[in-house]
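Residues: numbered from 1 along the sequence shown.
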Amino acid sequence: SSGINAEWPLRPGTGSFGKRHNKSHTLCIRCGKSSYHIQKKRCSQCAYPAAKCRSFNWSVKGKRRKTTGTGRMKNLKIVHRRFRNGFQTGVAKPNKKVTSS
């Protein structure tokens with residue numbers, strides 16, 4: 001019979017899923033996802049320890065999630081503010097003398 005409580009035959013994969021208790025991936029220290037392969041010593045998400053982060057043009061949504069502006073931007077938001085003010089150096093600008101004619 002094909003009832004839910006039927007003990008035999010087991011559905012495809014039922015016995016196999018119970019044997020899965022070893023982890024091949026753990027947390028990556030760069031991207032924080034559970035994508036760091038323990039044996040390969042390589043992250044499948046960001047390609048750590050490679051110097052450049054993993055990204056491909058065929059995955060537009062993947063690039064959008066990881067691009068500049070999705071995180072804190074601890075330094076870049078300060079640079080943007082300084083850019084708007086012309087990268088002032090802290091020295092007061094000299095007063096322009098008004099010439100009356």
Side-chain angles (χ1 to χ4, degrees):
S1 68
S2 62
I4 296 173
N5 294 329
E7 295 181 12
W8 190 262
L10 293 176
R11 300 294 177 260
T14 306
S16 302
F17 280 117
K19 297 186 173 82
R20 303 197 309 180
H21 53 76
N22 292 324
K23 289 185 177 180
S24 57
H25 294 87
T26 186
L27 292 177
C28 173
I29 62 172
R30 178 157 73 182
C31 65
K33 294 187 67 113
S34 179
S35 303
Y36 186 79
H37 200 283
I38 301 170
Q39 287 184 326
K40 293 181 182 177
K41 305 234 183 299
R42 172 79 43 157
C43 178
S44 58
Q45 176 71 20
C46 69
Y48 179 84
K52 294 185 178 180
C53 262
R54 174 184 176 271
S55 70
F56 296 101
N57 288 330
W58 49 257
S59 178
V60 179
K61 288 168 74 172
K63 292 179 83 167
R64 192 188 311 148
R65 294 185 196 109
K66 298 183 286 188
T67 190
T68 307
T70 57
R72 286 176 63 188
M73 292 208 314
K74 186 177 180 182
N75 181 55
L76 263 183
K77 61 185 176 186
I78 297 170
V79 172
H80 180 62
R81 173 174 50 82
R82 291 176 55 226
F83 168 76
R84 286 183 303 187
N85 295 316
F87 295 100
Q88 297 173 355
T89 58
V91 180
K93 291 182 179 178
N95 292 331
K96 293 182 180 178
K97 294 183 178 178
V98 178
T99 57
S100 59
S101 55

message: Could you work out, with ring-ring contact (aromatic ring centres under 6.0 Å, His included) as the rule, every residue matching Phe56, not counting sequence neighbours?
response: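 For Phe56, the residues satisfying ring-ring contact (aromatic ring centres under 6.0 Å, His included) (neighbours in sequence not counted) are Trp58.
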- request: From the options Cys31, Cys53, Cys28, select the one residue that forms a side-chain contact (heavy atoms from CB on, under 4.5 Å) with Tyr48.
  value: Cys28
Exceeds 12 heavy-atom contacts within 6.0 angstrom, atom CZ of Phe83: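 Check fails, neighbour count at 12 or below.
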Under 3.5 Å, which donor-acceptor pairs do the side chains of residues 61-73 form with other protein atoms, sequence neighbours left out?
unit_1	atom_1	unit_2	atom_2	d
Lys63	NZ	Asn57	OD1	2.7
Lys66	NZ	Arg54	O	2.8
Thr70	OG1	Arg65	O	3.4
Thr70	OG1	Thr67	O	2.7

Could you tabulate the donor-acceptor pairs under 3.5 Å formed by side-chain atoms of residues 35-46, not counting sequence neighbours?
unit_1	atom_1	unit_2	atom_2	d
His37	ND1	Gln39	N	3.4
His37	ND1	Lys40	N	3.1
Lys41	NZ	Ile38	O	3.3
Ser44	OG	Ser35	O	3.2

